[in-house]
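This is a predicted model, so every value here is computed, not measured. Letters A, B, ... mirror the listed sequences (proteins, then strands); counts begin at 1.
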2 protein chains.
Amino acid sequence: MYQRKIPIDYSCGLSIAMEVVGSKWKFCILDEISKGATRPRDLVKEINGISKRVLQNQLKELEMHDLLGKIVYSEVPLRVEYYLTPAGETLMPLIAAVNKWGEGYAPRLKEILEGEPTTVPV
Amino acid sequence: MYQRKIPIDYSCGLSIAMEVVGSKWKFCILDEISKGATRPRDLVKEINGISKRVLQNQLKELEMHDLLGKIVYSEVPLRVEYYLTPAGETLMPLIAAVNKWGEGYAPRLKEILEGEPTTVPV
DNA sequence: CAGGATCCGTCCGGATACTG
DNA sequence: CAGTATCCGGACGGATCCTG
């Protein structure tokens with residue numbers, strides 16, 4: 001199993017939050033699930049650039065942290081649906097805020113990454 | 001240099017945000033700087049578990065993304081101070097919200113990680 | 001389809017040493 | 001003190017195969 005090098009600082013909200021949702025994908029996953037993409041297959045399809053394997057890991061962690069729940073339908077082929085737990089729901093306003101911030105920041109990032117092509121390249 | 005596997009989706013706020021602040025340490029760094037720990041040495045001291053090397057990387061990225069600015073005083077020994085840019089300031093409400101969420105979630109995480117020791121161990 | 005296991009290359013990050 | 005470079009072991013993640 002995974003062993004932390006340093007113990008969690010329960011007194012620091014940021015540490016806690018980063019421990020639980022501080023990864024590149026979790027907000028996206030929670031967001032997509034809230035929008036109705038409840039099955040792993042759909043999530044892989046909807047989330048830009050995530051692989052099946054990484055998704056599975058993230059889902060497992062989110063479930064372990066009680067942010068996601070899971071229903072297994074014993075059908076053939078197998079069907080599984082994830083849903084937001086009450087704890088997961090509490091993240092939605094945060095995710096919305098982060099999303100909004102990102103939208104506002106987008107032009108700046110674009111400028112930074114693509115530079116100012118003031119002169120037309122030959 | 002660093003080459004993305006997949007192009008950034010500028011239309012998705014979450015993608016943008018994760019690209020820029022989606023790492024374990026950046027919120028902590030910005031938070032500490034806003035609290036007055038402006039020098040790298042202080043940041044290493046204040047931030048639980050970060051190494052000098054990783055800090056330098058994160059500072060460089062934050063500066064590159066225009067969330068942090070930097071003043072170099074030509075003293076001996078050298079002194080450098082980082083500060084929040086206006087763009088960096090726009091993150092503060094978000095960081096506060098994340099921090100607050102983490103505080104609220106802390107008890108649950110503790111319960112999950114440390115289990116329920118209902119019976120007293122010998 | 002969900003998801004676990006394995007192989008294996010890549011990259012991250014700690015330790016260390018050096019410069020201005 | 002701040003910042004960069006190098007070495008190097010370990011973790012991460014893609015590709016693939018297999019099961020229920």
Rounded interatomic separation in angstrom, taking [atom1] from [X] and [atom2] from [N]:
{"X": "B/Arg41", "N": "D/dA2", "atom1": "CZ", "atom2": "C1'", "answer": "11 Å"}
{"X": "A/Tyr73", "N": "D/dG20", "atom1": "OH", "atom2": "C1'", "answer": "19 Å"}
{"X": "A/Met64", "N": "C/dG3", "atom1": "CE", "atom2": "P", "answer": "15 Å"}
{"X": "B/Leu59", "N": "D/dG3", "atom1": "CG", "atom2": "P", "answer": "7 Å"}
{"X": "A/Gln56", "N": "D/dG14", "atom1": "CD", "atom2": "C1'", "answer": "14 Å"}
{"X": "B/Glu75", "N": "D/dC1", "atom1": "CD", "atom2": "P", "answer": "13 Å"}
{"X": "B/Leu62", "N": "D/dG3", "atom1": "CG", "atom2": "C1'", "answer": "16 Å"}
{"X": "A/Lys24", "N": "C/dC11", "atom1": "NZ", "atom2": "P", "answer": "13 Å"}

Open item on the list: Within the 4.0 Å heavy-atom criterion, would you say B/Tyr82 contacts the bases, only the backbone, or no part of the nucleic acid?
Closed with: sugar-phosphate

Task: Under 4.0 Å protein heavy-atom contact, by nucleotide of nucleotides 13-20 of chain C - B base, S sugar-phosphate only - done: BB-----B

Task: Test item: B/Thr38 side-chain N/O and B/Glu81 main-chain N/O as donor-acceptor pair under 3.5 Å - done: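 Absent.
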
Open item on the list: Can you tell me if A/Arg79 touches the phosphate of C/dA2, counting only side-chain N or O atoms and a distance under 4.0 Å to OP1 or OP2?
Closed with: no

Open item on the list: So, does A/Lys70 get its side chain near the phosphate of C/dG3, meaning an N or O under 4.0 Å from OP1 or OP2?
Closed with: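 Affirmative; the distance criterion is met.
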
Side chains of [X] and [Y]: does their closest heavy-atom pair fall under 4.5 Å?
{"X": "B/Leu62", "Y": "B/Ile29", "result": "yes"}
{"X": "A/Leu14", "Y": "B/Ile95", "result": "yes"}
{"X": "B/Tyr105", "Y": "A/Val21", "result": "no"}

Task: A/Glu63 to A/Tyr82 - nearest heavy-atom pair and separation - done: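 Taking every non-hydrogen atom into account, OE1-CE2, 4.3 Å.
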
TODO: Among the candidates D/dA2, C/dG4, C/dA2, find the nucleotide nearest to the side-chain atoms of B/Pro40.
DONE: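 Ranking D/dA2, C/dG4, C/dA2 by closest atom to the B/Pro40 side chain puts D/dA2 first.
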
Open item on the list: If the threshold is 4.0 Å, N to carboxylate O, is there a salt bridge linking B/Lys24 and A/Glu19?
Closed with: no

TODO: Find out if a path of hydrophobic residues (ILVMFWY) with successive side-chain heavy-atom gaps under 4.5 Å connects B/Ile71 to B/Ile33.
DONE: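 The answer is no; the residues belong to distinct hydrophobic clusters.
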
